[in-house]
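Heads up: the structure comes next, in structure tokens.
Note that the numbering runs from 1 along the sequence shown for the chain.
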Amino acid sequence: MTGPDEHHPPDERLPERSFAERMGTVEFRVADHPHIVVDSDVCKSCTTQACVVACPANLFVPTADGGVLFNYEECFECGTCYLVCNHEGALTWSYPVGGFGVVFRNS
């Protein structure tokens with residue numbers, strides 16, 4: 001068995017890039033309607049608010065009354081929030097409408 005780098009000589013590997021550089025190749029095309037809807041009233045009964053901690057884009061913010069605010073505009077569409085949410089009806093998740101959401105650019 002060979003390692004992943006043995007198939008690509010060092011001069012053929014992609015250059016190391018920082019997270020900021022990689023995110024510079026992403027465009028967020030925001031649709032008129034969100035692909036994720038959060039019912040903050042349902043979230044008030046949640047004791048973990050795992051979505052706040054788990055979202056890699058930090059798009060969930062707890063509110064003073066125990067609910068959660070969500071901004072879908074820079075969502076990575078990874079589905080982590082949907083996977084960790086343990087309250088039925090708190091989160092409605094679907095893929096963005098075609099042509100919207102995360103778009104990767106070659107650069």
Practice problem: Describe, in one word, how the ring planes of Trp93 and Tyr82 are oriented to each other, choosing from parallel (under 30°), tilted (30 to 60°) and perpendicular (over 60°). | Solution: tilted
Check: residues 66-74 side-chain donor-acceptor pairs under 3.5 Å, at least two apart:
unit_1	atom_1	unit_2	atom_2	d
Asn71	OD1	Glu73	N	3.0
Tyr72	OH	Ala31	O	2.8

Exercise. Spell out, yes or no, whether Val37 and Leu59 are grouped together once hydrophobic residues are joined by side-chain heavy atoms under 4.5 Å, including indirect joins.
Key: no
Practice problem: Measure across Gln49 and Cys43 and return the closest heavy-atom pair with its distance rounded to 0.1 Å. | Solution: NE2-O, 4.1 Å
Quiz prompt | Co-membership, hydrophobic cluster, residues Val84 and Val61, 4.5 Å side-chain | solution = no
Practice problem: Provide the closest heavy-atom pair for Val42 versus Gly89 in the form atom of the first, atom of the second, distance. | Solution: CG2-O, 4.1 Å
Exercise. Compare every heavy atom of Cys78 with every heavy atom of Thr80, then report the nearest pair and how far apart it is.
Key: OG1-SG, 3.1 Å
Practice problem: Determine whether Leu91 and Cys51 make a side-chain contact, defined as any pair of heavy atoms from C-beta on separated by less than 4.5 Å. | Solution: no
Quiz item: Are Tyr95 and Leu83 connected in a single hydrophobic cluster, I mean Ile/Leu/Val/Met/Phe/Trp/Tyr linked by side-chain heavy atoms less than 4.5 Å apart?
Solution: no
Quiz item: Can you list every salt bridge (charged side-chain N to carboxylate O under 4.0 Å, His left out) pair that touches residues 39-59, not counting sequence neighbours?
Solution: Asp41-Lys44, Lys44-Asp65
